[in-house]
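Report on the structure given below.
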Amino acid sequence: MPRYDAARIEKRWQEYWEEHGTFVTPNEPPADATGKLYALDMFPYPSGSGLHVGHPEGYTATDIVSRHARMLGKRVLHCMGWDSFGLPAEQYAIETGTHPRVTTEKNISTFRRQLKSLGFSYDWSRELATTDPEYFRWTQWIFLQLWDTWYDATHEWTGPDGRQRTGKGRPIAELPIPDDVTAAGEDAVRHYQDEHRLAYQSNAPVNWCPALGTVLANEEVTADGKSERGNHPVERRALRQWMLRITAYAERLLDELEDLDWAESIKALQRNWIGKSTGAEVDFYVPRAESGKRKADFEQWEASRKESGFPATPGDDVLRVYTTRPDTLHGATYMVIAPEHPFVDRLTTPEQKEAVEAYVKQASVKSDLDRTDLAKEKTGVFTGSHAVNPVNGVEVPIWIADYVLVSYGTGAIMAVPAHDLRDWEFAVTFDLPIVPVVQPPDGHEPTKDEKPLGREIDGEMRYPFAGHGTAVNSADYDGLPTAEFKTKITADLAAAGVANAAVNYRLRDWLFSRQRYWGEPFPVWHELDDEGNPTGRVRPVDESELPVELPEMEDFKPKGTPEPPLSFAPDDWLYRTAEDGTKLRRETNSMPQWAGSCWYFLRFCDPKNTEAFIDPEIEKHWMPIDLYIGGAEHAVLHLLYSRFWNQVLFDRGHLSHAEPFRKLVNQGMILGEAELTGFAKAESGKRKAEAGDVCSDFGDYEWVSSKDVTTDGALEGADGVVTKTGEPVVSVKLDPELVEKKGESFVFVDDSSIRVDSRAHKMSKSRGNVVNPDDVVRDYGADSLRLYEMFMGPLEQTKPWSMSGVEGVYRFLGRVWRMFVDDRAEEVVLDPAVQDVDPTEAQERILHKTIKAVGDDIDKLSFNTAISRMMEFTNELGGQNPRPRAVLEPFVLLLAPFAPHLAEELWHLLGHDESLTFAPWPTYDESKLVEATIEIPVQVNGKLRAKIQVPNGADKETMQSLAEADETVAAQLAGKTVVKTIVVPGRMVNFVVKP
RNA sequence: GCCGGAGUGGCGGAAUUGGCAGACGCGCCGGAUUCAAAAUCCGGUUGGGGUAAUUCCCAGUGUGGGUUCGAGUCCCACCUUCGGCACCA
């Protein structure tokens with residue numbers, strides 16, 4: 001019986017595509033192509049658990065778009081590769097003693113097999129893995145480019161789009177060296193350069209995770225101070241690390257976001273992450289002299305500043321703060337510096353020394369968790385020193401508190417308790433003065449945040465006010481609205497040389513080194529002195545010596561100390577003597593997993609190039625990416641990092657576009673099948689639970705899930721089941737709050753106390769609701785899996801899996817099959833109903849409607865509706881006899897991007913010898929879409945009263961008279977006055993009447 | 001708290017962007033086919049009411065207002081929910 005046999009068909013066509021190299025894209029594409037499409041999937045980390053049903057969701061979407069584009073005659077680049085460096089392979093290796101390379105290769109081949117079984121039209125000849133030395137050779141090369149680049153913030157240039165821009169990455173050799181640095185000698189120059197490179201070393205405190213044995217980026221640490229991977233505790237520790245100066249590109253990354261065709265939500269996420277704020281930096285003079293001379297010192301300082309202007313780096317006698325509210329300067333009644341601020345020691349007076357030291361120590365051991373969790377209680381300690389408020393010469397105390405972060409702004413703030421909630425809390429705790437300088441607008445009530453902080457002062461309830469208003473207690477500025485005041489005072493203070501307009505970003509530099517074995521080695525040597533100690537000078541590995549491969553090692557376990565595994569590599573890898581006789585030691589940190597994924601899309605264009613990471617001509621040919629689809633979990637990190645690398649490579653002239661991803665779409669997460677869970681009462685006979693039902697305790701009710709319930713609604717292993725409304729599948733949940741306890745028994749208060757919980761949850765091993773794509777392919781075929789994942793709902797939406805939904809699309813494919821194939825025949829032959837006859841007008845119309853709808857929907861990535869249109873077509877044509885070939889053939893082509901295997905099989909059956917991959921996409925004829933007469937609604941006072949047939953293209957008058965002639969309408973209008981008639985041609989008629 | 005989404009039948013979701021709410025699929029009900037089943041096919045399925053019957057009536061897109069001849073769609077306020085950030089001065 002020639003039933004729809006997905007397994008046979010799919011095997012056949014996958015073999016055909018492989019043999020014929022159907023999807024291999026030459027680098028010299030046909031000249032007659034009508035445009036190009038680069039459709040990219042976020043390449044997977046080949047984990048040990050294999051493909052997840054979430055992967056094929058985005059992959060199917062790009063595959064449909066790619067296959068559609070090929071049929072439209074475009075040249076298409078569509079590739080797959082592996083983000084194969086990373087922690088899990090290394091941890092598995094440590095546990096089992098298998099080399100990570102072995103595990104990785106095994107996992108890759110599983111992924112490859114699974115992906116191939118789904119019939120994606122990837123050009124497998126371009127497959128790449130980030131762990132391949134021929135690949136990471138260029139990752140290392142790009143790192144050297146970063147090392148060789150500084151950011152010239154003042155450089156003006158015009159982008160490819162003709163827009164003027166400021167700021168560009170330039171070769172380090174072009175960095176202007178100040179004369180005093182040149183005079184100080186070669187080492188000073190080198191040091192100066194190192195301070196400007198985009199890749200630099202730093203000793204700043206980092207997130208050290210002892211359990212993972214590595215340092216983590218801020219982005220890899222959760223809010224409660226745990227590692228994102230594994231949820232292990234993370235502590236702060238000062239270590240020498242490589243950093244990438246992504247902050248230099250903050251403005252560029254923010255600015256270029258505007259023109260990209262990305263979902264607003266993702267743009268918002270990135271904007272949020274970059275976190276731009278504008279305000280001013282203000283210098284507060286810190287007098288050192290004994291009282292008496294202090295005022296004179298301040299005045300002298302003020303005068304000198306007026307002359308010199310606002311310096312780039314403040315001196316020792318100045319505390320520089322950043323504020324977004326310079327208009328509240330008159331209300332600054334104290335200052336706060338972070339416990340890690342470099343001035344802590346200098347500002348601490350002998351009397352306060354003990355208290356300060358204790359506080360700073362305590363703050364240093366506090367994890368981020370403690371710091372945020374104790375947010376309710378503000379803590380701090382007085383330094384003993386004061387600073388002078390530049391607007392009024394008032395001396396204010398300087399405190400140390402951990403609510404000020406050393407890593408943001410200048411690590412110091414001016415505190416305006418009247419207008420900042422945190423400062424208010426602190427001032428209240430330590431009894432510091434509160435001076436209001438902003439008058440709230442009339443009728444302002446304290447907000448939800450402000451209200452709870454209210455406090456009685458001098459017999460009156462007072463609240464902080466963080467909003468905008470009018471200036472008071474601000475000398476000459478009184479009466480100015482906040483916004484105006486900000487601009488004015490910033491200008492005035494800038495003229496006085498004590499402040500400057502400033503911008504700050506939440507974004508931090510990217511911690512780029514890890515203490516792992518399974519990552520790209522840094523292409524860097526450290527110079528050693530005669531004793532073998534590092535001199536602090538580094539030398540790049542010569543390009544000709546790339547790649548720096550990983551040494552073969554027996555033991556790459558982390559030692560629980562920050563010494564990276566590579567520092568235990570064999571000496572011949574680790575050490576070398578340079579031609580000039582200098583002893584060198586390799587950098588033993590490795591790059592983070594993000595490195596390889598920052599540029600893989602470039603390599604796909606030119607994967608075999610041994611001369612360059614990409615050929616400039618080929619790059620121009622394929623980039624930018626027209627469609628990039630992947631999970632929202634990469635909305636910030638991966639996408640920001642790769643944009644950053646791409647910007648730098650663009651600035652250095654290696655790329656033709658600054659932004660790699662023209663259009664980005666995040667597929668929604670696929671949740672596990674919605675489970676009905678709850679308490680079921682096991683008793684004989686099925687019946688409804690009712691109000692008043694009694695149970696002796698919740699033990700009478702068993703926790704069940706839909707898996708325990710058979711299709712007819714009986715609970716397996718029990719005699720019956722309590723149902724909500726008599727529906728067969730069901731279990732109920734008791735909401736303890738709605739169940740009354742009477743003695744030892746519980747009584748259902750009312751029907752609402754019986755709840756069915758049918759939530760869908762994330763797929764997870766522990767929940768046991770993970771769907772394995774292999775199983776689905778085995779039972780229903782790849783086409784069904786592809787079609788189902790596209791039919792579930794909008795691509796970007798989170799949606800639950802449903803096995804019966806898979807069966808639904810499988811049934812649809814069966815109907816398609818039987819539309820062509822006589823399933824009662826002995827062999828696979830065309831159904832006799834498929835004939836070379838002229839289609840009827842109605843058949844032509846549905847065909848052309850379907851062609852239009854499917855094409856438009858693919859362009860909109862609205863695959864669920866495209867599929868529903870094809871179902872409508874099948875519902876209409878399936879039962880007809882004869883079924884004209886001229887209508888069925890184009891339909892096969894429409895189906896091809898979605899269910900390519902079945903489509904190829906039917907195409908073949910219709911007598912075509914070649915694959916339909918490059919068959920022209922059907923076109924529709926606008927004139928075939930119109931019907932002779934159409935049905936339109938007639939409303940009276942906006943209510944639908946009748947439907948009438950009108951000739952297509954009827955004018956207003958005709959439509960109105962036809963509507964008036966309708967019996968029902970006439971009855972509705974009888975005895976009433978028509979005030980107005982609205983006629984929308986081809987749409988509707990509406991009579992507005994008065995009684 | 002701030003930023004960004006989303007609320008439509010029993011369920012997943014449609015709705016030419018202001019013009020017939022519920023396309024398509026799932027589930028369910030009824031029927032055909034069958035010795036029976038599987039598979040397949042046909043009909044019904046928002047709720048309520050009415051009729052011998054129909055192209056019948058009423059209500060209805062989270063809640064409350066508003067704009068409009070007309071609102072799921074636009075405006076205002078609110079509720080719920082999901083995601084991200086969270087002492088960022």
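What you are looking at is a predicted structure, and each value in this text was computed from that prediction instead of being measured. Letters A, B, ... mirror the listed sequences (proteins, then strands); counts begin at 1. Reckoned from all heavy atoms, side chains included, excluding hydrogens, waters and symmetry mates.
- In this structure, A:Lys860 does not reach the B:A14 phosphate: none of its side-chain N or O atoms is under 4.0 Å from OP1 or OP2.
- The side chain of A:Leu944 has B:A21 as its nearest neighbour among B:C69, B:G13, B:A21.
- Residues A:Pro464 and A:Pro417 approach most closely at CB-O, 4.3 Å, considering heavy atoms.
- When each of B:G84, B:C26, B:G13 is scored by its nearest atom to the side-chain atoms of A:Pro794, the top-ranked nucleotide is B:G13.
- Base orientation for B:G9: syn, the chi torsion being within 90° of 0.
- Straight-line distance from the OH atom of A:Tyr788 to the C1' atom of B:G13: 11 Å, rounded to whole Å.
- A distance-only check finds no donor-acceptor pair linking the side chain of A:Lys276 to the backbone of A:Asn272 [under 3.5 Å].
- Note on A:Arg945: a side-chain N or O is less than 4.0 Å away from OP1 or OP2 of B:C57.
- Taking the salt bridge (Lys or Arg N to Asp or Glu O under 4.0 Å) definition, one finds that A:Arg818 meets it with nothing, sequence neighbours left out.
- Residue contacts shown for A:Thr981 are absent, as no nucleic acid heavy atom lies under 4.0 Å away.
- Between A:Ile982 atom CD1 and B:U68 atom C1' the separation is 9 Å, expressed in whole Å.
- Proximity of A:Gln939 to the phosphate of B:C20: no side-chain N or O atom is located under 4.0 Å from OP1 or OP2.
- The distance from atom CH2 of A:Trp801 to atom P of B:G25 is 19 Å, rounded to the nearest whole Å.
- Within residues 861-868 of chain A, the residues having any heavy atom under 4.0 Å from RNA chain B are, by residue number, A:Asn864, A:Thr865, A:Ser868.
- The side chain of A:Arg271 places no N or O atom within less than 4.0 Å of a non-bridging phosphate oxygen (OP1 or OP2) of B:G84.
- At the heavy-atom level, A:Arg869 lies nowhere under 4.0 Å from the strands shown.
- Consecutive pairing runs in RNA chain B reach the stem threshold at B:1-7 with B:79-85, B:10-12 with B:24-26, B:27-32 with B:40-45, B:46-49 with B:56-59, B:62-66 with B:74-78, where a stem means at least three Watson-Crick or G-U wobble pairs with distances under 3.5 Å.
- Taking the P atom of each, B:G70 and B:A59 are spaced 15 Å apart, rounded to whole Å.
- Summarising the geometry of A:Leu329 relative to A:Phe284, their closest heavy-atom pair is CD2-CZ, 3.7 Å, with the distance given to 0.1 Å.
- At a threshold of 4.0 angstrom between heavy atoms, the contacts of A:Ile413 include nucleobase atoms, whether or not backbone atoms are also involved.
- A donor-acceptor contact shorter than 3.5 Å is absent between the side chain of A:Lys852 and the backbone of A:Glu926.
- Of the residues near RNA chain B, A:Lys762 and A:Ile266, the one whose nearest nucleotide (by heavy atom distance) lies more toward the 5' end is A:Ile266.
- Checked against B:C24, B:G13, B:C41, the side chain of A:Met871 finds its nearest nucleotide in B:C24.
- OP1 or OP2 of B:G27 sits under 4.0 Å from a side-chain N or O of A:Arg811.
- Minimum atom distance to the side chain of A:Pro937 is reached by B:C20, of the listed B:G27, B:G19, B:C20.
- Backbone-only engagement by A:Gly808 is indicated by non-hydrogen atom pairs under 4.0 Å involving sugar-phosphate atoms exclusively.
- Side-chain contact annotation: A:Tyr403 with A:Asp423, donor-acceptor N/O pair under 3.5 Å present.
- In this structure B:U17 sits in the syn conformation; its chi angle is within 90° of 0.
- Closest approach of A:Asp857 and A:Ala866 over heavy atoms only: OD2-N, 3.2 Å.
- Note on A:Lys943: only backbone sugar-phosphate atoms sit closer than 4.0 angstrom, heavy atoms only; bases stay farther off.
- Among the nucleotides B:A89, B:C24, B:C20, the one closest to any side-chain atom of A:Glu935 is B:C20.
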Q: Could you walk me through whether A:Thr865 and A:Ser862 pass the side chain to side chain donor-acceptor pair (under 3.5 Å) test, one step at a time?
A: CA-CA 6 Å; A:Thr865 51; A:Ser862 177; 2.5 Å; yes
Q: Please report the C-alpha distance between A:Phe812 and A:Phe791 in whole Å, then the side-chain angles of each, then the deciding distance to 0.1 Å, and finally whether the ring-ring contact (aromatic ring centres under 6.0 Å, His included) criterion is met.
A: CA-CA 12 Å; A:Phe812 162 66; A:Phe791 187 60; 8.3 Å; no
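- Comparing atom distances between the A:Gln797 side chain and each of B:A89, B:G13, B:C26 picks out B:G13 as nearest.
- The side chain of A:Arg818 lies closest to B:C41, out of B:C41, B:G13, B:A89.
- Under the 3.5 Å distance criterion, with hydrogens and angles disregarded, a donor-acceptor pair is assigned to the side chains of A:Asp509 and A:Thr247.
- Using a 4.0 Å heavy-atom distance criterion, A:Ser407 is classed as making no nucleic acid contact.
- Between A:Phe891 and A:Phe873, the distance separating the two ring centers is shorter than 6.0 angstrom.
- Straight-line distance from the CZ atom of A:Phe873 to the P atom of B:A23: 21 Å, rounded to whole Å.
- Aromatic pair A:Tyr780/A:Tyr788: centroids not less than 6.0 angstrom apart.
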**Q.** From CA spacing to verdict: ring-ring contact (aromatic ring centres under 6.0 Å, His included), A:Tyr505, A:Tyr408
**A.** CA-CA 8 Å; A:Tyr505 301 93; A:Tyr408 186 78; 9.4 Å; no
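- What separates CE of A:Met669 from C1' of B:G83 is a distance of 9 Å, to the nearest Å.
- Across all strands shown, A:Asn875 has heavy atoms under 4.0 Å from sugar-phosphate atoms exclusively, and none from any base.
- Here the separation of B:G66 from B:U55, taken at their C1' atoms, is 35 Å to the nearest Å.
- Each of A:Lys947 and A:Gly805 has a nearest nucleotide on RNA chain B; the 5'-most of these lies closest to A:Lys947.
- Annotation: B:C74 and B:U81 have their C1' atoms spaced 24 Å apart (nearest Å).
- In this structure, the ring of A:Trp399 has its center less than 6.0 angstrom from the ring center of A:Phe426.
- Which of B:G19, B:C69, B:G4 sits closest to the side chain of A:Met988 comes down to B:G19.
- Between the CG atom of A:Leu254 and the C1' atom of B:C3 there is a distance of 14 Å, rounded to whole Å.
- Among the atoms of the strands shown, only primed sugar atoms or phosphate atoms (P, OP1, OP2) are found under 4.0 Å from some heavy atom of A:Met792.
- Considering only side-chain N and O atoms, A:Arg506 lies under 4.0 angstrom from the phosphate OP1 or OP2 of B:A86.
- Between the P atoms of B:G22 and B:A14, the separation comes to 15 Å (whole Å).
- Going from atom CD of A:Glu807 over to atom P of B:G12 covers 19 Å, rounded to whole Å.
- Nearest to the side-chain atoms of A:Arg3 among the listed nucleotides B:A39, B:C69, B:C3 stands B:A39.
- In this structure, the CD atom of A:Glu673 is 12 Å from the C1' atom of B:G27, given to the nearest Å.
- You'll find a donor-acceptor pair under 3.5 Å spanning the side chain of A:Arg987 and the base of B:U16, going by distance alone.
- Looking at the side chain of A:Pro800, the nearest of the listed nucleotides B:C69, B:G12, B:A89 is B:G12.
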